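Have a look at the structure below before the remarks.
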Amino acid sequence: MKPLVSKYAQNQNLRHRIMHLDMDAFYVSVELLKRPELRGQAVIIGGKSPRGVVSTCSYAARKFGVHSGMPSVRAMRICPDAVWLNCDFPAYNHYSEKVFSIMRRYSPEVFPLSIDEGRVDLTGSQDLFGPAEKIAHRIVNEIRDELGLPASAGLANSGVTAKIAAEMAKPFGLIVVFPGKEKAFLAPLPIQYIPGVGKVSLPGFHKYGYQTIGDLASESPDILAKRFGPWADSLYRTAMGEPKKARPTPAVAPGRSNETTFSHDIKDPEQIRSELRRLVEKLGFRLRKSNMTARTVTVKIRDANYHTITRSQTFDTPTNRDHILFEIAETLVFTNLPKHSGLRLLGISVQKLQTRIEQPSLFESSADRQYGKLYSTVDQIKDKFGKKTVFFGAAHLARMNRNKDDKRYFQPV
Ligand code: TTP
Ligand code: MG
């Protein structure tokens, strides 16, 4: 009779083997396939315009302090000799798909997390292909040999530990955390290695004297619960190297995309901004009504020739505040505006949703709290008197110019 669980799962007490893979300096690595003479040099991908930002850069440029999201003008100042290249999204998408298809050779359970990052569950693959660490090695090598691209990966019992291991393995490395060794592996690492802990929340750990992940693992769960509220359980599990509890996906999907097709292609930055603000307000209201926050904002842009692109930005601190969502969306839109035509369609959506309760509200500043009050007041008015009763001043233009009959937007003459 066939065993109900795989041989490896039986032997290892159902221990999961999850691989997290992230490509090294992905956009640069793809560009170097076309321009191998630039290997080893400081290369920056992004627009050199005054409003441009760095998409990514080579490790040689990182030595000068250049990083993703840095304003281009600053990058030009600190790394004046760098070679600048424009983004070639069709090429990045092409190679991204190839990377995920190599991962799918070994498991059907592949979860792309971004253009160059994904997770694959190798637990069940071991009966067919042998130990997970050998499979992980093969995947990284096949990506290098077949595509000519460097990847780094982590293998562990959970996605979180595997992601931390992959980050440490960079560049072009593989770190395997063997079953039972997770806690010891994580203990010496600084707290900011935990995904979701960023600049905003870090002082909240330091003030209690927690510096390393091990400091959290040796704390009593009761004290952590008092200090970090609903976040404590997941922090403690991560620190102990235990897989997260499966969490049901939210029943409501406030992340449905929210978009406008214009009757005339629009170019005026103020009109674009105003429309974006209107879309963000709708989305923010829906998020707050569902008691949700998001960690990724995606914008959709279509030009006059129906060429459509989507661009996303993920951030550390989950939010449902319009002004933060707007700022991120605005940067994404204005760094990706069509060069030769106006906008035909503009859309915004959010991903990486969490229930609001998971947000570490104790790290909120008093300004954040004031904003919280403002939004809840605005939402109450909308609930009581209708969604169109209050909106931010800058969305006014978009509202004035909206044609209610066909839901299209008309440029004023
Ligand atoms: P990352 O994996 O964050 O960065 P990377 O692959 O360039 O470098 P690393 O070796 O540290 O993983 O992002 C993947 C690609 O996404 C990156 O090559 C460019 C793009 N990107 C942006 O366009 N903007 C951003 O702010 C970030 C973080 C990435
Ligand atoms: Mg990467």
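All ligand and atom numbering here is 1-based and tracks the order in the structure. Here the structure is a predicted model, which is why all the values come from computation and not from measurement.
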In terms of residue, atom name and distance, what is the protein heavy atom nearest to [atom]?
atom: atom 18 (O) of ligand 1; result: Tyr27 N, 3.1 Å
atom: atom 4 (O) of ligand 1; result: Thr56 OG1, 4.2 Å
atom: atom 8 (O) of ligand 1; result: Arg62 NH2, 2.8 Å
atom: atom 1 (P) of ligand 1; result: Asp116 OD2, 4.0 Å
atom: atom 10 (O) of ligand 1; result: Tyr59 OH, 2.5 Å
atom: atom 29 (C) of ligand 1; result: Ser55 O, 3.7 Å

Contacting atoms of ligand 1, where contact means under 4.0 angstrom from a heavy atom of [X]:
X: Met23; value: 6 (O), 9 (P), 10 (O), 12 (O)
X: Gln313; value: 26 (O)
X: Phe26; value: 5 (P), 6 (O), 7 (O), 18 (O)

**OP:** May I ask you to decide whether Glu31 forms a salt bridge with Lys34, counting only side-chain N to carboxylate O separations under 4.0 Å?
**Re:** yes
Original post:
How about Thr314 and Lys352: do any of their side-chain heavy atoms sit closer than 4.5 Å?
Top reply: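 Counting from C-beta outward, Thr314 and Lys352 do come under 4.5 Å.
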**OP:** Confirm or rule out an N/O/S atom of Asp24, from backbone or side chain, lying less than 2.8 Å from the Mg ion (ligand 2).
**Re:** no
**OP:** Could you tell me whether any N, O or S atom belonging to Met23 is less than 2.8 Å from the Mg ion (ligand 2)?
**Re:** yes
Subject >> Nitrogen or oxygen of Asp22 less than 3.5 angstrom from that of ligand 1 >> reply: yes
**OP:** Consider every N or O of Ala25 and every N or O of ligand 1, then say whether any pair is closer than 3.5 Å.
**Re:** yes
Original post:
By atom name, which N, O or S atom of Asp22 is the nearest to the Mg ion (ligand 2)?
Top reply: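 Going by distance to the Mg ion (ligand 2), the closest N, O or S atom in Asp22 is OD1.
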Original post:
What is the name of the N/O/S atom in Asp116 that sits closest to the Mg ion (ligand 2)?
Top reply: OD2
**OP:** Evaluate the ring planes of Tyr210 and Phe228, with Trp represented by its six-membered ring, and classify them as parallel (under 30°), tilted (30 to 60°) or perpendicular (over 60°).
**Re:**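 Rings of Tyr210 and Phe228: tilted, 30 to 60°.
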